[in-house]
Amino acid sequence: MSTDLLSFDCRFQYGQGFTLESAFALPPGISVLFGPSGSGKSTCLSLIAGLLRPDAGAIRLCDTTLVDRGSGLWVPPHRRRLGMVFQDHLLFPHQTIRRNLGYGMASRDDNGTRLAQVVEMLDLGGLLDRYPGQLSGGEQRRVALGRAMLSEPQLLLMDEPLTGLDEAMRDRILHHLHQAHERLGVPMLLVSHDQVVVRRMAGHVVVLEEGRVVDQGPAHETLDRATTRTMASHPGPINLLRVEEVRRSGDHHEGVIAGQRFHLAGPIAPDSTTVYVRCLPRDVALLIGEVSRISMRNHLVGTIRDLIHIPGDHRALVAVDVGQLIWVEVTDSACRELGLAIGVRVTCLIKALATDVVG
């Protein structure tokens with residue numbers, strides 16, 4: 001018996017300009033379809049949900065075949081045990097939030113335990129007697145997520161769930177998604193082109209380009225390969241670092257990355273003990289030797305794990321293992337002068353003001 005949560009092997013022709021021909025398998029947990037606009041991510045989601053029919057191939061969820069064009073098998077959308085959160089939410093405008101949530105419940109004789117759990121987890125208690133038109137975009141998204149979770153899906157599908165939200169609301173929705181997975185055990189498949197979302201959420205990533213899978217595997221390694229491969233035409237990797245043991249220290253906050261102190265800039269929520277910080281590879285400098293009297297507050301010592309020269313350019317990307325991976329952008333001449341190579345010990349210097357706390 002397969003241990004895959006979902007297997008997808010389909011061909012789909014959309015008009016004259018787009019052909020999707022992809023195969024991938026998802027393990028249990030949280031997975032992301034990643035790629036540029038027009039790569040086929042949302043089309044894959046629609047094929048899995050049953051909103052589109054493939055021209056050829058099969059889709060299997062756990063032990064159930066949803067589609068098999070060879071045999072003619074087709075399970076209609078309402079019988080697929082899938083929850084889906086659309087970008088436009090699709091709430092019933094004439095019904096209260098309580099009634100909207102009720103439409104998602106898998107069991108009509110439910111005693112209210114799961115409803116109460118979802119309402120508490122998504123902080124919907126004060127919204128139940130309102131109507132969708134009285135809610136903000138972020139509140140509507142939480143309601144749509146709650147309705148999908150109440151259907152007790154075998155897989156929750158989400159298409160760009162954070163589009164159009166500000167940073168604070170993005171972090172709140174990400175927190176709720178993590179809680180849904182951890183407390184209710186709901187597997188998820190997200191569509192996203194946002195590296196921060198992928199690095200924070202995913203255990204597994206499938207990379208799509210022009211309707212075809214070009215890579216898949218564990219999230220960080222797969223995303224790093226995808227973003228470094230396309231640097232000539234697309235932005236390269238970002239750094240998203242997990243900072244733990246966060247505490248106030250004088251006029252600032254600081255925390256720990258793999259046992260090394262890290263200085264944080266900007267506001268931190270009072271009860272936060274773990275945060276993520278984002279910085280770009282060009283905002284990190286490398287030092288060989290001892291650090292002495294320098295204004296950059298963060299000095300993370302590590303070992304070079306990879307070094308990638310960008311074809312047709314005079315830059316290179318250096319991957320430094322400091323307990324987490326940090327990407328550093330340097331010139332080819334700096335690589336030569338510093339003697340950078342895999343296995344060399346270096347210090348990553350990062351200005352606190354060059355980092356953004358994202359949750």
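Residues: numbered from 1 along the sequence shown.
For E337, the side-chain hydrogen bond (donor to acceptor under 3.5 Å, both in side chains) test picks out no residue, with sequence neighbours left out. The ring pair (Phe, Tyr, Trp, His ring centres under 6.0 Å) test applied to Y14 returns no partner, not counting sequence neighbours. In terms of the side chain to side chain contact (heavy atoms under 4.5 Å, CB included) criterion, residue partners of R98 (sequence neighbours excluded) are, by chain and number, T96, L128, D129. Taking the ring pair (Phe, Tyr, Trp, His ring centres under 6.0 Å) definition, one finds that F24 meets it with F8, sequence neighbours left out. The side chain to side chain contact (heavy atoms under 4.5 Å, CB included) test applied to E210 returns no partner, not counting sequence neighbours. Taking S39 as the reference, P36, K41, L208 meet the side chain to side chain contact (heavy atoms under 4.5 Å, CB included) condition, with sequence neighbours excluded. Not a single side-chain hydrogen bond (donor to acceptor under 3.5 Å, both in side chains) links S295 to another residue, sequence neighbours left out. For Q95, the side chain to side chain contact (heavy atoms under 4.5 Å, CB included) criterion is met by F92, R99, N100, Y103, not counting sequence neighbours. Listed by chain and number, the residues in a side-chain hydrogen bond (donor to acceptor under 3.5 Å, both in side chains) with S7 amount to none (sequence neighbours excluded).
A pairwise comparison of heavy atoms in T355 and A352 identifies OG1-O, 2.7 Å as the closest pair. Taking every heavy atom of both residues into account, V322 and C348 meet most closely at CG1-SG, 4.5 Å. The shortest non-hydrogen separation linking C44 to L33 is CB-CD1, 3.8 Å. Of all heavy-atom pairs between H309 and A316, the closest is ND1-CB, 3.8 Å. Shown here for L307 and L340, the closest heavy-atom pair between the two residues is CD1-O, 3.7 Å. Nearest heavy-atom pair, S22 versus R212, reported as atom, atom and distance to 0.1 Å: OG-CA, 3.3 Å.
D159 and S42 are linked by a side-chain donor-acceptor pair at a separation below 3.5 angstrom, with hydrogens and angles left out of the test.
The side-chain heavy atoms of L127 and R142, taken from C-beta on, include a pair separated by under 4.5 Å. Side-chain contact between I59 and C10: present, with at least one pair of heavy atoms (C-beta onward) separated by less than 4.5 Å. Contact of the L189 side chain with the V206 side chain is not registered, since no non-hydrogen atoms from C-beta on lie closer than 4.5 Å. Using a 4.5 Å heavy-atom threshold, the side chains of L223 and P237 count as separate. Within the 4.5 Å cutoff, the side chain of Q195 has no heavy atoms near those of the L240 side chain. Counting heavy atoms from C-beta outward, R225 and V207 have side chains that stay 4.5 Å or more apart. Contact of the E329 side chain with the L317 side chain is registered, since non-hydrogen atoms from C-beta on lie closer than 4.5 Å. Residues M188 and S31 are not in side-chain contact: their nearest non-hydrogen atoms beyond the backbone lie 4.5 Å or more apart.
Distance alone, capped at 3.5 Å, is enough to place a donor-acceptor pair between the R248 side chain and the G250 backbone. Although no hydrogens or angles enter the test, the distance criterion places no donor-acceptor pair under 3.5 Å between the side chain of Q324 and the main chain of I257. Distance alone, capped at 3.5 Å, is enough to place a donor-acceptor pair between the N239 side chain and the W327 backbone. Distance alone, capped at 3.5 Å, is enough to place a donor-acceptor pair between the R60 side chain and the D63 backbone. Of the possible polar contacts, none joining the T303 side chain to the D321 backbone as a donor-acceptor pair under 3.5 Å is found. In this structure a side-chain-to-backbone donor-acceptor pair under 3.5 Å is present from Q140 to P132. The closest donor-acceptor contact from the side chain of R69 to the backbone of R53 lies at 3.5 Å or more, if one exists at all. No donor-acceptor pair closer than 3.5 Å links the side chain of R130 to the backbone N or O of L135.
The line from OG1 of T347 to CD1 of I288 is 8.0 Å long, rounded to the nearest 0.5 Å. Atom OG1 of T227 is separated from atom CZ of F34 by 7.0 Å, given to the nearest 0.5 angstrom. I173 contributes atom CD1, which lies 12.5 Å from atom NE2 of H178 (distance to the nearest 0.5 angstrom). Atom OG1 in T274 sits 5.0 Å away from atom CZ in R242 (nearest 0.5 Å). In this structure, D55 CG and R11 CZ are separated by 6.0 Å, a value rounded to the nearest 0.5 Å. Between D332 atom CG and R336 atom CZ the span is 6.0 Å, to the nearest 0.5 Å.
At a threshold of 4.5 Å between side-chain heavy atoms, the hydrophobic network of Ile, Leu, Val, Met, Phe, Trp and Tyr places I304 and L287 in two separate groups. Under the 4.5 Å side-chain heavy-atom criterion for ILVMFWY residues, no single connected hydrophobic cluster contains both L349 and V328.
Remark: R305 CZ is loosely packed, at most 12 non-hydrogen atoms of other residues, nucleotides or ligands lying under 6.0 Å away. The number of heavy atoms from other shown groups lying within 6.0 Å of NE2 (H193) does not exceed 12.
Among residues at least two apart or in separate chains, salt bridge (Lys or Arg N to Asp or Glu O under 4.0 Å) pairs with a member in residues 274-288 are E167-R278, R278-D356.
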Using side chain to side chain contact (heavy atoms under 4.5 Å, CB included), reason through I350 and I326 one step at a time and then give a plain yes or no. CA-CA 10 Å; I350 309 172; I326 297 180; 4.2 Å; yes
With side chain to side chain contact (heavy atoms under 4.5 Å, CB included) as the test, would you mind laying out the steps for H181 and L156 before giving the verdict? CA-CA 10 Å; H181 177 62; L156 181 62; over 6 Å; no
Taking it one step at a time, do V143 and L101 satisfy side chain to side chain contact (heavy atoms under 4.5 Å, CB included)? CA-CA 7 Å; V143 174; L101 291 171; 4.2 Å; yes
Verdict with supporting geometry, L26 and D4, side chain to side chain contact (heavy atoms under 4.5 Å, CB included): CA-CA 6 Å; L26 304 180; D4 294 330; over 6 Å; no
Show your working on salt bridge (charged side-chain N to carboxylate O under 4.0 Å, His left out) between D224 and R199 and close with a plain yes or no. CA-CA 10 Å; D224 287 343; R199 291 180 188 275; 2.8 Å; yes
Name each donor-acceptor pair under 3.5 Å that joins a side chain in residues 259-267 to protein atoms two or more places apart or in another chain, with its distance.
{"residue": "Q260", "atom": "OE1", "partner": "V301", "partner atom": "N", "Å": "2.8"}
{"residue": "Q260", "atom": "NE2", "partner": "V301", "partner atom": "O", "Å": "3.0"}
{"residue": "R261", "atom": "NH1", "partner": "E254", "partner atom": "OE1", "Å": "3.3"}
{"residue": "H263", "atom": "ND1", "partner": "H252", "partner atom": "NE2", "Å": "3.3"}

Per-pair distances, 0.1 Å, donor-acceptor, side chain in residues 72-84, under 3.5 Å, sequence neighbours excluded:
{"residue": "R80", "atom": "NE", "partner": "V75", "partner atom": "O", "Å": "2.6"}
{"residue": "R80", "atom": "NH1", "partner": "L47", "partner atom": "O", "Å": "3.3"}
{"residue": "R80", "atom": "NH1", "partner": "I48", "partner atom": "O", "Å": "2.8"}
{"residue": "R80", "atom": "NH2", "partner": "V75", "partner atom": "O", "Å": "2.9"}
{"residue": "R81", "atom": "NH2", "partner": "E152", "partner atom": "O", "Å": "3.0"}

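Taking a cutoff of 4.0 Å between a charged side-chain nitrogen and a carboxylate oxygen, D194 and R200 do not qualify as a salt bridge.
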